[in-house]
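Atoms within each ligand, like the ligands themselves, are counted from 1 in listed order.
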Amino acid sequence: NLSYQQEPSQYEERHLRYIGPLGKGNFGSVELCRYDPLGDNTGELIAVKRLQPNKQSNMEDFQREIQTISSLHCDYIVKYRGICYSMGRLSMSLVMEYLPYGSLIGYLEKNRQNVNNKRLLLFASQICKGMEYLQSMRYVHRDLAARNILVASETLVKIADFGLTKIIPLDKEYYRVTHPGESPIFWYAPESITESKFSHKSDVWSFGIVLYELFSYCEHSRNPKRLCLQKIGNDMQGPSIAMHLVNILKDGWRLPGPPHCPPRVYSMMLDCWAYSSEERPTFSNLEEQIKTIIQDDREGAKG
Ligand SMILES: CCS(=O)(=O)N1CC(CC#N)(n2cc(-c3nc(Nc4ccc(C(=O)OC(C)(C)C)cc4)nc4[nH]ccc34)cn2)C1
């Protein structure tokens, strides 16, 4: 027997004990399982992402997602554990570390009372560090949103779900998507909506939306999609929603500052939402700004 629990990167289907659902998306779903080779319930809890069998989801996107997450080694990005081949279905599943506190949205809604600005800024700096690391690997996430941030502990959040992540080619500053698919346009930079262009600067725009979600505690009444549709007018249908959204952004409309949001944090969001991508800050500037705000708050509290 193994004197220590070696973490396999190959998981055998027969030792996977399904416990329950963790999350669901367009093409995939994530399940809580226990990997229990000894059959005595002492095995580790893991999160297993499977492709929806019947959906038009394709294997090559899933393989790219597995390739991406298995290449990332960062405290602020959910850890890859391995893959599990289920021969019967000739399919494979992605095995990741299980983060017990679930998605940031549910966590903030449930724990709003005891999460203060200092903790929100800590979470923001962790997401920023995760994005700086991702950028250093030439990846654009393309789906940065509170729904894709997971809570590992009371003081640690991680970026998850790399289903839309792409590598920027060496000779370019951006990635152009050919098939936008069902895009979360309310988290998208204008150039991503109008030209399907994705870059580190468009990820910065989405980071601004995540800052907004953090400081509005992911309250449903302040949801970005809901407020944008209210501004556009709910009567709009189909493709014109995207064009109306770009027009109100071009005219200078932005999501309003969340209640009790510190002015310096709201101005950071507005910097991320500069219409022209070159004027947006980098993730390292943002990390510096957040660090300064945290330090000033600390001095203020002492003062
Ligand atoms: C987009 C297509 S998707 O289908 O692939 N998919 C959805 C996705 C969005 C993102 N990110 N997702 C990831 C996880 C996930 N959850 C967890 N833990 C938990 C722990 C608790 C709970 C929970 O609700 O508990 C209560 C009791 C109801 C509050 C939920 C999740 N650990 C993980 N490790 C790796 C992934 C992963 C869930 N949803 C990625």
Side-chain angles (χ1 to χ4, degrees), residues 7 9 11 16-35 43-84 91-115 123 126-127 130-131 134 139 141-154 156-166 181-184 186-187 203 206-207 209-210 213-214 217-218 220 223 225:
E7 273 158 13
S9 65
Y11 288 78
L16 271 194
R17 298 278 174 279
Y18 173 77
I19 297 178
L22 291 176
K24 208 161 161 42
N26 300 338
F27 305 129
S29 63
V30 179
E31 301 167 349
L32 175 58
C33 295
R34 181 185 298 279
Y35 190 64
E44 59 162 350
L45 291 178
I46 50 176
V48 181
K49 174 163 183 172
R50 296 188 198 286
L51 274 189
Q52 300 285 45
N54 48 5
K55 289 282 171 69
Q56 89 269 14
S57 56
N58 57 10
M59 194 50 136
E60 82 191 44
D61 279 348
F62 192 43
Q63 279 166 335
R64 186 190 309 113
E65 177 178 355
I66 292 169
Q67 174 58 37
T68 302
I69 196 168
S70 58
S71 71
L72 301 173
H73 301 89
C74 172
D75 291 341
Y76 309 110
I77 289 181
V78 70
K79 280 188 176 47
Y80 168 80
R81 281 268 191 276
I83 44 179
C84 174
S91 71
M92 64 176 151
S93 307
L94 164 59
V95 179
M96 298 168 280
E97 66 172 323
Y98 167 61
L99 296 184
Y101 288 76
S103 102
L104 181 60
I105 296 183
Y107 181 80
L108 287 180
E109 283 172 340
K110 213 173 296 165
N111 298 284
R112 175 174 192 147
Q113 311 311 328
N114 48 34
V115 175
F123 290 167
Q126 292 169 344
I127 297 164
M131 288 307 297
L134 212 56
Y139 284 117
H141 189 284
R142 296 188 51 240
D143 198 8
L144 188 57
R147 65 178 171 276
N148 288 333
I149 305 290
L150 294 171
V151 184
S153 77
E154 307 274 352
L156 179 61
V157 292
K158 300 194 180 195
I159 301 170
D161 199 59
F162 296 87
L164 297 181
T165 301
K166 304 278 184 190
E182 295 143 52
S183 319
F186 304 97
W187 278 255
D203 273 349
S206 304
F207 177 77
I209 307 285
V210 172
E213 293 182 280
L214 272 168
Y217 291 89
C218 293
H220 182 72
N223 174 282
K225 174 174 180 176

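Of the possible donor and acceptor atoms, none in the side chain of His141 sits under 3.5 Å from a partner among the backbone N and O of Lys166. The backbone N or O of Cys218 sits nowhere less than 3.5 Å from a side-chain atom of Glu213 that would complete a donor-acceptor pair. Side chain of Arg34 to main chain of Gly43: a donor-acceptor pair is present (N/O by atom type, distance under 3.5 Å, no hydrogens or angles).
The only member of Asp143, Ile209, Asn148, Leu144 that meets side chain to side chain contact (heavy atoms under 4.5 Å, CB included) when paired with Trp187 is Ile209.
For the ligand labelled ligand 1, residue Gly163 lies outside the 4.0 Å heavy-atom shell. The shell of residues lying under 4.0 angstrom from ligand 1, judged by heavy atoms, includes Ser29.
Shortest contact from atom 39 (N) of ligand 1 to any protein heavy atom: Gly23 CA, 3.4 Å. For atom 32 (N) of ligand 1, the closest non-hydrogen atom of the protein is Leu99 N, 3.1 Å.
Residue-to-ligand polar distances keep Val78 apart from ligand 1: every N/O pair is separated by 3.5 Å or more. In terms of polar-atom proximity, Lys110 is not counted as a contact of ligand 1, lacking any N or O under 3.5 Å from an N or O of the ligand. At under 3.5 Å, a nitrogen or oxygen of Lys49, whether backbone or side chain, sits near a nitrogen or oxygen of ligand 1. Here's the thing with Ile149: none of its N/O atoms is less than 3.5 angstrom from an N/O atom of ligand 1. At a 3.5 angstrom cut-off on N or O pairs, Gly28 counts as close to ligand 1.
Ion pairing of Lys49 with Glu31 is absent here, as no side-chain N (NZ or NE/NH1/NH2) approaches a carboxylate O to less than 4.0 Å.
For atom 11 (N) of ligand 1, the candidate residues are Ala160, Ala146, Ala145, Gly102; the nearest heavy-atom contact is made by Ala160. Looking at Leu150, Leu22, Val151, it is Leu150 that brings a heavy atom closest to atom 37 (C) of ligand 1. Nearest residue to atom 40 (C) of ligand 1 from Asp161, Ile105, Leu104 is Asp161 (criterion: closest heavy atom).
If you number the atoms of ligand 1 from 1 as listed, the ones under 4.0 Å from a heavy atom of Arg147 come out as 9 (C), 10 (C), 11 (N). For ligand 1 and Met96, the ligand atoms under 4.0 Å from any heavy atom of the residue are 35 (C), 36 (C).
Note that the CD1 atom of Ile77 and the CG atom of Leu72 stand 4.5 Å from one another [nearest 0.5 Å]. The CG atom of Asn114 sits 7.0 Å away from the CD atom of Glu154 when rounded to the nearest 0.5 Å.
For the residue pair Arg50/Ser29, the side-chain donor-acceptor check at 3.5 Å is not satisfied. Looking only at atom types and distance, the side chain of Tyr217 has no donor-acceptor partner in the side chain of Gln113 under 3.5 Å away. Between Tyr139 and Ser71, the side chains place a donor N or O and an acceptor N or O closer than 3.5 Å (distance only, hydrogens not considered).
Counting heavy atoms closer than 4.0 Å to ligand 1, residue Leu32 contributes nothing at all. In Ala47, the part holding a heavy atom less than 4.0 Å from any atom of ligand 1 is the side chain.
Heavy atoms from other residues, nucleotides or ligands lying under 6.0 Å from CD of Gln67 number 12 at most.
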**Message:** Let's go through Cys33 and Tyr11 carefully: what are the C-alpha distance in whole Å and the side-chain angles of both, what is the deciding distance for side-chain contact (heavy atoms from CB on, under 4.5 Å) to 0.1 Å, and is it a yes or a no?
**Reply:** CA-CA 11 Å; Cys33 295; Tyr11 288 78; over 6 Å; no
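For atom 18 (N) of ligand 1, the nearest protein heavy atom is under 4.0 Å away. Counting protein heavy atoms under 4.0 angstrom from atom 27 (C) of ligand 1 gives zero. In this structure, atom 23 (C) of ligand 1 has no protein heavy-atom contact shorter than 4.0 Å.
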